[in-house]
Amino acid sequence: MLVSNSGPDAASRAAVRLLMQRLPSLSPVEGGASVEPIAPTDPPILRSAQIVEGSAVRAVKVPGASGATTSGFGAFLDGAQKVQVVAHDRGMPIVIGTVSAAVRVRVDRRMITWGHQPPRVERAIYLPLRYLPTLTAADVSTVAAQSRWRIVDTSTADKNGEYPSQHPAFLLDRAIRAVDQQREELEDRLAEAWCARGEAPLFIDGGISRTTSVASSTCAIGVIKSHRTLYVQGEALGIVMSLRKGERSSVFRVAPRSRSSVLSWYLRLRAPDGHDAMWGLVRVEVAECDRLSERAEEISRWVLAETTPLSLPDGRWDKMAYGVRDCEEFLRAIS
Amino acid sequence: MSEALGRVVATERKPNTPHEFHFWTAIDSPVGIGTIVRVDGAQPMDGQIPHIYGIVVEGFSYTDLQSPMHDVLGHDGLPTMAGYASTERAEIRLYTAAVLRQIPEEPLQPVPMGQVFLAEEADVQVALRMDSYLREGANTGIPVGVYRAGGTDAVIYLDADFLLGPEAAHLNITGVSGLATKTSAVEFLLASLFKHFPRDKGSIAAVCFNVKGPDLCYLDKPGEVEKTDEVLYEKLGVEAKPFEGVEYFAPYTAKGLVLNTFRNNEALLDNVTPLTWGLREVLQFAEVLLNKDDVDAKADALIDFIKENVVDKEFRDPVLTKTHRVQSFADLDAWFRDVLQGMEKKDGESWRTHHVATIRKVRNRLSNISTRCAGLVTDSGAVSDLPFGSFTDRTVYVVDVANLEEDAQDLIFARIVSKLREHLERRDLGVKHLVVFVDELNKYAPGDGADTYVRKMLLDIAERGRYLGLVLFSAQQFRSQVHRRVVGNSGTALFGRMDADELSTPGYAVLSPATRTKLATLEKGQLMIRHPHFTQPIFVRFPRPAVMQGREGAERYPQASEISLEAAILRALRPLDPTITLPWVQEITALYSDEEVIRARNATLLARPDNVKAYFTAQFRKIIPAQAAPRPMAGSIKSAPENDPYGF
């Protein structure tokens with residue numbers, strides 16, 4: 001996922017002007033700088049998972065993984081988002097969110113955009129309507145119509161019926177989470193479309209368990225770079241943290257309550273010597289399957305093959321496939 | 001309409017301007033340095049979609065790689081591993097194009113964003129403003145080559161009004177030696193001129209000075225034309241055949257027996273005319289042969305005196321023993337001798353204000369000319385010259401001076417160009433337009449060095465020739481070393497493959513590095529053209545001339561070596577009368593000196609009479625063969641008696 005930091009464009013400024021006509025106390029933010037993604041509020045956790053390959057987690061050398069290994073991935077999917085606080089009304093943040101997602105297909109070793117589903121770019125204005133009493137429903141409709149952007153209320157009650165705090169930072173966090181959610185929806189729609197066509201294996205930047213159809217598709221492979229949640233505990237944690245380059249963990253099942261269950265394993269892409277324990281460590285997700293060891297080895301070889309060319313200068317280059325970087329660069333260009 | 005092959009891009013760092021723009025293409029697009037492209041603007045201006053034509057002058061390629069080190073790291077320092085990478089890095093082909101033309105031309109604005117198309121033949125005509133002189137009613141286009149890029153073959157035309165005047169004139173060619181570019185280009189361009197120069201603009205001829213090698217010596221002989229060149233000839237509308245009208249001129253060798261030219265093979269002599277001048281012709285251009293050290297004011301005054309009062313006049317003076325009529329170098333030497341002897345008798349130091357030392361000096365220098373220019377300058381005064389006044393349309397007159405000394409080359413050049421100029425001023429040369437081709441301009445019109453007569457003449461042609469119809473086609477290896485006013489006045493410039501050192505001189509700074517690199521690697525048959533109508537140089541291909549190449553001609557028609565006098569006479573006269581035989585020549589010339597025989601030959605060649613034998617014979621003074629005196633009858637000797645052994 002790409003977080004872009006560019007300033008407001010002409011369309012954003014036009015949207016702010018529309019709001020200013022209806023909110024006299026609205027104060028535009030100079031430059032309208034993008035907001036960094038919020039620090040995860042969920043604490044890092046260890047979660048147990050069902051081992052499905054053997055009886056305990058162990059390190060497995062991926063056989064046949066070398067520089068000459070050919071990758072079976074035919075495409076890459078990633079999304080991007082941009083969150084800009086463009087104004088505030090007596091402290092209430094007015095946010096414009098831009099989300100985008102694209103599938104980039106590899107043809108003759110070069111990346112091009114998937115022809116069947118064009119890349120998606122969507123924009124929305126995130127307003128805490130509850131705390132902007134002067135803005136009527138008619139005003140909201142007018143702004144939405146004139147800007148042709150969706151208006152998202154960031155001050156709705158949660159599932160417990162409680163309204164969010166009026167604290168501007170809290171409201172901004174809500175807006176950012178809403179943008180996150182919108183981006184994930186875009187990514188999911190593209191992944192579903194890809195899997196529905198049964199095309200070549202798709203390298204998805206992130207997990208695949210959000211939608212059932214993708215989670216069960218043999219052509220969707222998720223590669224997760226962040227490890228706020230580790231699906232190993234105890235001795236198994238030490239084994240995973242000690243994986244050498246080209247080694248994977250045993251396969252385990254990840255079955256979140258609200259999501260589909262998938263098979264997963266850890267894979268070390270680069271030698272961690274001299275780096276932190278997470279250096280070059282990714283977690284791979286695939287759909288449930290038989291002969292899971294063979295599947296894990298094959299997919300691991302593919303993921304390892306994607307470590308060249310390097311995705312530098314991206315700071316996550318130790319874990320990021322070049323195809324994913326290509327997606328991000330593409331989305332940066334179009335959104 | 002063809003598909004778009006690129007898109008215009010502009011950034012703050014690399015903005016577009018009214019004269020330059022940038023665009024990117026697919027990796028495999030046929031765009032290269034020198035490709036002409038068309039940009040279709042997106043927004044109409046005054047109801048008209050702007051079209052911008054440009055020529056690619058620079059290209060860039062890069063990937064998203066920030067540091068080469070990243071690539072090394074990515075492949076563990078092993079280049080062979082790079083081939084296994086699943087994905088090629090994103091790569092861009094970014095080109096810079098110089099604007100050739102914008103339509104509409106006003107207001108002149110920076111190039112807008114838009115799609116980029118490969119220029120088709122019609123686009124090329126518009127881009128290079130050729131449409132203005134290819135339209136009906138103008139028709140002054142002279143094909144010079146074919147522009148080729150991405151499947152587009154477009155004929156490039158020069159505007160005759162800007163090549164031969166009066167708008168602009170002159171053409172200059174630069175290129176390294178040995179690649180057959182300069183001479184070949186001129187040969188093809190002359191063929192194209194002769195074919196396409198509009199008849200209603202008058203007649204045209206060319207005088208080519210062959211200053212080195214045999215390249216211009218076989219213009220009337222067919223050469224090998226390859227299939228690829230045949231296609232070019234057809235496209236350019238020029239027939240692949242040798243020149244129909246070619247006349248050659250060359251002086252004799254110092255001995256005066258054979259012509260001093262690569263073309264003195266007997267099989268080629270039918271259109272070779274000797275070039276010989278006498279005292280009158282040379283004295284007019286004494287300045288060419290006598291440098292400033294030779295000719296001070298006093299000597300100059302004496303030479304003027306001789307020109308005004310001595311040459312071709314009955315000259316009497318008390319100091320002289322007889323009346324002189326000076327018509328040749330031999331006559332002049334006799335006159336000098338008489339003057340000096342007369343002065344010695346009178347023990348005088350000056351004669352008619354001229355000091356004896358000055359007279360001796362001028363005698364020495366002038367008499368020396370016939371030695372220095374032997375073969376060209378005759379003692380006898382016989383003149384064989386170019387047909388000034390009767391030049392014919394579409395004819396090439398080649399003056400072969402390749403084997404001559406520098407002095408003789410200078411003299412020939414100076415006199416012929418002066419005569420051409422005189423006749424063109426009087427409009428009686430025989431043709432209205434005349435192209436003069438001179439190679440080795442580095443030597444004849446150098447940027448530095450002494451201000452020679454020849455250089456002054458070349459400057460004069462370059463600056464004023466177009467008003468007369470006298471057009472200079474010049475060539476050299478190093479344009480930077482030629483006088484700026486000569487190359488600067490050349491409206492059209494052609495460039496073949498160039499030397500890297502030459503390209504690094506300031507004169508080429510206007511070209512982009514990529515264009516300079518292309519110039520340094522041009523193939524045979526490729527040229528870069530600058531022409532007044534073209535706002536940027538254009539690359540073209542031209543076919544190899546359909547005439548025999550110098551090397552091939554020299555092998556097929558070996559140069560004649562020095563031969564006997566009789567054989568030389570036979571060789572010279574047989575083209576006029578094939579019945580002449582060697583025994584006949586030997587019989588006629590047996591009693592005469594070499595000088596008399598050569599003079600008779602020269603006179604016959606000049607007159608080209610119907611009855612060659614009679615005319616040649618009539619040139620000799622009558623000599624009655626000496627008859628043997630009758631042997632007087634000796635008286636009988638008294639015989640000795642047989643018995644008288646002592647004869648008493």
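Below, read A as the first sequence line, B as the second, and so on, with proteins coming before strands; counting in each chain starts at 1.
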**Q** If you compare all heavy atoms of B:S86 against all heavy atoms of A:A305, which two are closest, and at what distance to 0.1 Å?
**A** OG-O, 3.6 Å
**Q** Start with the C-alpha distance between A:L312 and B:M69, add both sets of side-chain angles, then the distance that settles side chain to side chain contact (heavy atoms under 4.5 Å, CB included), and finish with yes or no.
**A** CA-CA 10 Å; A:L312 279 166; B:M69 185 56 78; over 6 Å; no
**Q** Heavy-atom count around B:F60 CZ within 6.0 Å, excluding the residue itself: above 12?
**A** yes
**Q** Should we count CD of B:E121 as having more than 12 external heavy atoms under 6.0 Å?
**A** yes
**Q** So for atom CD, which belongs to A:Q146, do other residues, nucleotides or ligands contribute more than 12 heavy atoms lying within a distance under 6.0 Å?
**A** yes
**Q** Does a donor on one side chain sit under 3.5 Å from an acceptor on the other, for A:R106 and B:T87?
**A** yes
**Q** Got a sec: does the NZ of A:K245 have more than 12 other heavy atoms crowding it under 6.0 Å?
**A** no
**Q** Rounded to the nearest 0.5 Å, what separates atom CG in B:D64 from atom CG in A:D326?
**A** 7.5 Å
**Q** So do A:D108 and B:E88 actually touch side chain to side chain, heavy atoms under 4.5 Å?
**A** no
**Q** For B:L73, which atoms come within 4.5 Å of any heavy atom of chain A: side chain, backbone, both, or neither?
**A** both
**Q** For atom CZ of B:R129, is the number of surrounding heavy atoms from other residues, nucleotides or ligands below 6.0 Å larger than 12?
**A** yes
**Q** Counting only heavy atoms not in B:Q48, do more than 12 sit closer than 6.0 Å to its CD atom?
**A** yes
**Q** Are the side chain of A:R110 and the backbone of B:A90 linked by a donor-acceptor contact shorter than 3.5 Å?
**A** no
**Q** Counting heavy-atom pairs under 4.5 Å to chain A, which of B:R89, B:Q66, B:H75 comes out on top?
**A** B:R89
